[in-house]
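Throughout, protein chains are lettered first and strands after them, A, B, ... in sequence-line order, and every chain is numbered starting at 1.
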Protein chains: 2
Amino acid sequence: MTGRDGGADLSPIGNSPVVVLVRPQLAENIGAVARAMANGGLFHLRLVAPRDGWPQERAWRSASGADRILDAATVHPDVDDAVSDLHRVFATCPRPRHIVKPILTARGGAAEIREISRRGLGVGLLFGPERAGLDNDDMARTDALIRYPLNPDFSSLNLAQAVMIMAYEWWLSAAGENGEEEIPARVLMTNETQVATKGELGNFMTHLVRELDACGFLRNMPKRPGMVRNLWHFFERGEVTQQELRTLHGVVTELALGRRLRGRDEAS
Amino acid sequence: MTGRDGGADLSPIGNSPVVVLVRPQLAENIGAVARAMANGGLFHLRLVAPRDGWPQERAWRSASGADRILDAATVHPDVDDAVSDLHRVFATCPRPRHIVKPILTARGGAAEIREISRRGLGVGLLFGPERAGLDNDDMARTDALIRYPLNPDFSSLNLAQAVMIMAYEWWLSAAGENGEEEIPARVLMTNETQVATKGELGNFMTHLVRELDACGFLRNMPKRPGMVRNLWHFFERGEVTQQELRTLHGVVTELALGRRLRGRDEAS
């Protein structure tokens, strides 16, 4: 899936936002950010004054093949320079104080950014440095802040995790785009086989009940209809497939055969 | 927010799912998983046959204070042992083949798990080892699989990132619970000040237009109504606050005063 030698062939899809890491500290984190970006279909990375300089080999080592994003990353002296060609800038920020700014959830932010990107405008997503976060001047350059709904009692979020959540929401906001099918909340994956028809299930139930009658399991006639119905309820519940029905037919046949042979042995 | 000495005081809220790491390899990843769990309000961790044994000090070092989750983690020889007291088990898995299983999105899965947890049943969330993922026997023990909607061209997901996405969706699925207010998709955060009333904005506009009339900026009478209207449009757009209005009144007053003083100097 991902080429380790030379990196994955990651191509930008349409107009996607630019991830701007402001004064990032650890090269490993920059690499992990590139990996998370690739997971969610973000491809443009800009670095503002990375603490240890750039490039750093350790970033490539922790990117798991998202090399192309790191190869194309640009370095900027400050936030103004990094966002000067962009039209709208959003920043993630846990709990800013003393400022007046629209606050979006990650989901709400992704939806707005998707709409703005569709109009062909350039969007920047600012992430502050580990521990310190964005400073007040950085935040004054943004249109809006994005605050993740997460546990307020433990809000220490790793930089790559913060990027991962926005990348995930960015991908989700495309639902039905990117040539991806929209995935329903729950679906039975059947791979090579098919869900059985009611007729196929009925054939199996006839087979099962015939053998249960033969072995005497259903000999209590007043209780028989309820017991048969309970078996129906169970086998209906799991959306049985044609392949599974073949296996279940075999199970019933072989169990019954074993009983018959044993009966014959015991009788002899 | 998070105590580095001794770790954060993380208390389980209600009945929350158990995260089961199956044959995890790197202790750093186990620590990063605990941190992501704490971010999303997951508190119960079980380890199935961790490769390097347990406990591992490096896990605590990468947990950023989520110590309590690691302290309480239990170790199990196999998946059967780890899930024996649970009622429902879900596994995250990128693209399983040759099996028949319900597939959920992360969001759909979180909603189902939330409902099951509300009924008081025990839920397990299985995550496979780095690189290899869950094997076929592990998956046969699960009720359903969870597949994240992410870039199919780059699906190599870090273990802690995989846990982070489920933890995030778990927290979101509580919307309105946990004593947290439900966060709207977009809201203006004003902190100490308030959005100005229309009357307060009107007072400022009167002030501004009076000074613009005085300095001659609006002297083109046919264009004057349109220019005034455009200024109104601009100042209405940003949901101006009372504090900002005070600043803007000052800006207009001082600019006008500067012009008057300069006019006087030039005249003298």
(request) Sort out for me which of A:Q243, A:E239, A:E244, A:Q161 touches chain B most, counting heavy-atom pairs under 4.5 Å. (result)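 Highest number of heavy-atom pairs under 4.5 Å: A:Q161.
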(request) Against chain B, work out which of A:A106, A:A167, A:A160 has the most heavy-atom pairs shorter than 4.5 Å and name it. (result)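 Option with the top pair count is A:A160.
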Please classify the contact between [X] and chain A as side chain, backbone, both or neither, with a heavy-atom cut-off of under 4.5 Å.
X      : answer
B:E192 : side chain
B:I99  : both
B:L157 : both
B:E169 : side chain

(message) Please rank B:N158, B:T241, B:L145 by heavy-atom pairs under 4.5 Å with chain A and give me the top one.
(response) B:N158
(request) Find the one option among B:P102, B:G108, B:A144, B:G40 whose heavy-atom pairs under 4.5 Å with chain A are most numerous. (result)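 Looking at each of B:P102, B:G108, B:A144, B:G40 in turn, B:P102 comes out on top.
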(request) Identify the heavy atoms of B:L134 and B:F127 that sit nearest to each other, and give their distance. (result)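 Shortest heavy-atom separation between B:L134 and B:F127 comes out as CD2-C, 4.1 Å.
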(request) Write down the atom of A:G128, the atom of A:L159, and the distance for their closest heavy-atom approach. (result) O-CD1, 3.7 Å
(message) Using heavy-atom distances under 4.5 Å, tell me whether A:A63 contacts chain B through its side chain, its backbone, both, or neither.
(response) backbone
(message) Do B:F90 and B:M166 make a side-chain contact, defined as non-hydrogen atoms from C-beta onward lying under 4.5 Å apart?
(response) no
(request) Verify whether one side chain among B:N39 and B:W171 offers a donor that lies under 3.5 Å from an acceptor in the other. (result) no
(message) Between B:R147 and B:T105, do the side chains contain a donor N or O and an acceptor N or O under 3.5 Å apart?
(response) no
(request) Would you mind checking if B:D143 and B:K101 are paired as a salt bridge, meaning a charged N to carboxylate O distance below 4.0 Å? (result) no
(message) One thing to verify: whether B:E28 and B:R61 come together as a salt bridge, which I'm taking to mean a side-chain N less than 4.0 angstrom from a carboxylate O.
(response) no
